[in-house]
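Here it is, the structure in full.
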Amino acid sequence: STTSKAIFGSCAEPSGCAAKLEIPHIFLGNGSNVLFRDEGYDGIVIKMADFGRLYLRAEESFLTAIFPGMSGEELRDDDTVLCEAGIYMSTLAKQLMNAGLSGFEFASGIPGSLGGGLFMNAGAYGGELKDIVKGVLAVSPDGSCARLFTNEEMQFGYRHSVLQKNGYIAVAAILKLTKDEPGKIAERMRELAQKRNFRQPVQYPSAGSTFKRPEGHFAGKLIEDAGLKGVSVGGAQVSTLHSGFVINRGGATATAAAGFGGSHGKGYFRPKHTDFLTVVGAQRSNDFLCLVGSAVYHRKKNPVDFQLGID
């Protein structure tokens with residue numbers, strides 16, 4: 001359909017042009033989990049904010065044109081919706097609430113886009129996107145083709161998806177939800193917001209929850225036990241409220257924030273917990289090397305010291 005071509009065609013065209021011209025380029029959602037180098041990014045940033053529509057009970061012909069691998073019957077259910085990847089998860093949560101659709105409340109306070117959430121299988125308070133995603137439409141890195149990934153093919157794991165391996169860019173997703181009263185959904189969202197505001201340093205700028213949880217451990221507890229709670233590097237500080245956050249107390253640079261992955265990571269995290277990664281992405285700087293579209297970026301001088309996961 002014309003609409004389906006518009007959704008992925010508008011994303012594929014700039015990516016394809018940049019690839020042909022060999023110009024570095026990245027797709028950016030809300031940028032809430034991305035740390036850009038202090039010198040800026042020498043390339044093209046394609047922001048997905050213009051692709052942020054939600055389709056409730058969309059026409060079967062439209063949906064099957066976008067998701068040819070799914071039957072019309074399952075796509076036209078009243079509790080199945082189509083979302084473009086540029087929509088903010090907070091915005092999507094409110095729209096779904098108004099429509100009386102439940103299952104997305106856990107993501108109502110996550111300050112990122114749906115595309116970024118799909119890339120890392122975002123989750124909070126016991127919920128993850130993998131629990132409600134039926135399929136994801138994604139464009140290849142060079143913009144040459146688009147394909148559907150089923151839930152299984154997305155290889156969702158803890159803060160992981162197959163998009164971190166193959167570099168495909170999510171442009172739309174089908175979500176399977178459940179019907180409920182808007183008032184009840186709103187109350188659950190309010191309760192989660194209260195928890196978040198009480199437990200997290202929302203009054204300070206940050207790139208969100210910084211560290212992944214090593215298996216069998218809690219990141220904040222490990223950092224606190226290491227005596228790093230409140231430690232500062234320049235204007236960047238390990239939050240005294242929640243040690244899993246690196247916040248900007250004023251004047252923090254990207255280099256200072258990334259420093260927690262160097263000196264502090266080398267001294268404690270890597271030797272004892274080899275899976276202690278971050279969920280904050282970063283773009284290339286003098287001290288760090290970022291593999292855009294990959295799950296890991298390494299410190300140049302000593303790659304075994306510390307690794308950070310791209311969100």
Side-chain angles (χ1 to χ4, degrees), residues 1 3-4 7-8 11 29-30 32 48-49 51-139 146-163 168-182 184-186 188-189 192 311:
S1 70
T3 310
S4 66
I7 288 180
F8 60 79
C11 296
N30 195 28
S32 54
M48 297 291 290
F51 309 97
R53 288 167 291 188
L54 166 66
Y55 299 88
L56 296 168
R57 293 175 288 280
E59 291 294 330
E60 178 181 335
S61 59
F62 170 47
L63 291 173
T64 53
I66 299 179
F67 295 92
M70 294 185 177
S71 69
E73 182 177 353
E74 64 179 331
L75 289 174
R76 64 170 176 256
D77 290 343
D78 287 347
D79 54 6
T80 300
V81 300
L82 169 68
C83 313
E84 293 180 348
I87 192 169
Y88 293 164
M89 285 187 279
S90 57
T91 300
L92 178 57
K94 292 176 183 177
Q95 293 183 4
L96 293 174
M97 175 195 71
N98 292 333
L101 294 173
S102 175
F104 202 75
E105 292 92 323
F106 72 88
S108 60
I110 299 177
S113 68
L114 178 61
L118 293 167
F119 183 86
M120 64 172 293
N121 183 29
Y125 301 110
E128 294 179 297
L129 284 180
K130 71 176 181 62
D131 301 327
I132 57 175
V133 170
K134 289 179 69 72
V136 175
L137 182 73
V139 174
R147 61 156 292 188
L148 169 72
F149 291 88
T150 64
N151 183 292
E152 183 177 6
E153 290 172 334
M154 282 294 290
Q155 300 178 21
F156 286 124
Y158 174 60
R159 302 300 175 264
H160 173 81
S161 81
V162 72
L163 304 182
Y168 271 67
I169 308 300
V171 296
I174 284 282
L175 306 182
K176 177 72 171 179
L177 304 154
T178 57
K179 295 180 181 179
D180 202 353
E181 297 176 15
K184 293 181 179 179
I185 298 173
R188 288 193 290 271
M189 288 170 56
L192 293 178
D311 178 347

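In this text the structure is predicted, and so the values were computed from the model without any measurement.
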So, does Asn151 use its side chain to make a donor-acceptor pair with the main chain of Val133 at under 3.5 Å? yes
How long is the gap from CG on Leu177 to CZ on Phe104, to the nearest 0.5 Å? 8.5 Å
Just verifying a value: how many Å separate Ile110 CD1 and Leu192 CG, rounded to the nearest 0.5 Å? 10.0 Å
Spacing of Ser90 atom OG and Met189 atom CE [to the nearest 0.5 Å]: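 Spacing of OG (Ser90) from CE (Met189) equals 8.5 Å.
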Test side chain to side chain donor-acceptor pair (under 3.5 Å) on Glu128 and Tyr158 and set out the steps. CA-CA 9 Å; Glu128 294 179 297; Tyr158 174 60; over 6 Å; no
Gap separating the CE atom of Met120 from the OG atom of Ser161, nearest 0.5 angstrom: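 With rounding to 0.5 Å, CE (Met120) is 9.5 Å from OG (Ser161).
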Excluding sequence neighbours, so at least two apart, what forms ring pair (Phe, Tyr, Trp, His ring centres under 6.0 Å) with Tyr168?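 Counting only residues at least two positions away or on another chain, Tyr168 forms a ring pair (Phe, Tyr, Trp, His ring centres under 6.0 Å) with Phe149.
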Determine whether a donor-acceptor pair (N or O, by modelled atom type, separation under 3.5 Å) exists between the side chain of Asn121 and the backbone of Lys130.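 Yes, the answer is positive, given that a donor and an acceptor are paired below the 3.5 Å cut-off.
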Hey, is the main chain of Lys176 close enough, under 3.5 Å, to the side chain of Thr80 for a donor-acceptor pair? no
In sequence, state the C-alpha distance, the side-chain angles, and the governing distance for Met48 and Ile87, and then conclude on side-chain contact (heavy atoms from CB on, under 4.5 Å). CA-CA 8 Å; Met48 297 291 290; Ile87 192 169; over 6 Å; no
Ignoring hydrogens and angles, tell me if any N or O in the side chain of Arg159 forms a donor-acceptor pair with the backbone of Ala122 under 3.5 Å. no
Under the side-chain contact (heavy atoms from CB on, under 4.5 Å) rule, what do Glu84 and Val171 come out as? Steps first, then yes or no, please. CA-CA 6 Å; Glu84 293 180 348; Val171 296; over 6 Å; no
dist Ser102:OG -> Arg188:CZ (nearest 0.5 Å) comes out at 4.0 Å
Non-hydrogen side-chain atoms of Leu129 and Leu114 separated by less than 4.5 Å: yes
Would you say the side chain of Ser108 lies within less than 4.5 Å of the side chain of Met97, judging by non-hydrogen atoms? no
Is there a donor-acceptor pair closer than 3.5 Å between any side-chain N or O of Ser32 and the backbone N or O of Pro111?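 Side chain of Ser32 to backbone of Pro111, a donor-acceptor pair under 3.5 Å: yes, one is there.
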State, with a plain yes or no, whether a side-chain heavy atom of Leu175 is found less than 4.5 Å away from one of Leu92.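 Touching, per the 4.5 Å side-chain cut-off.
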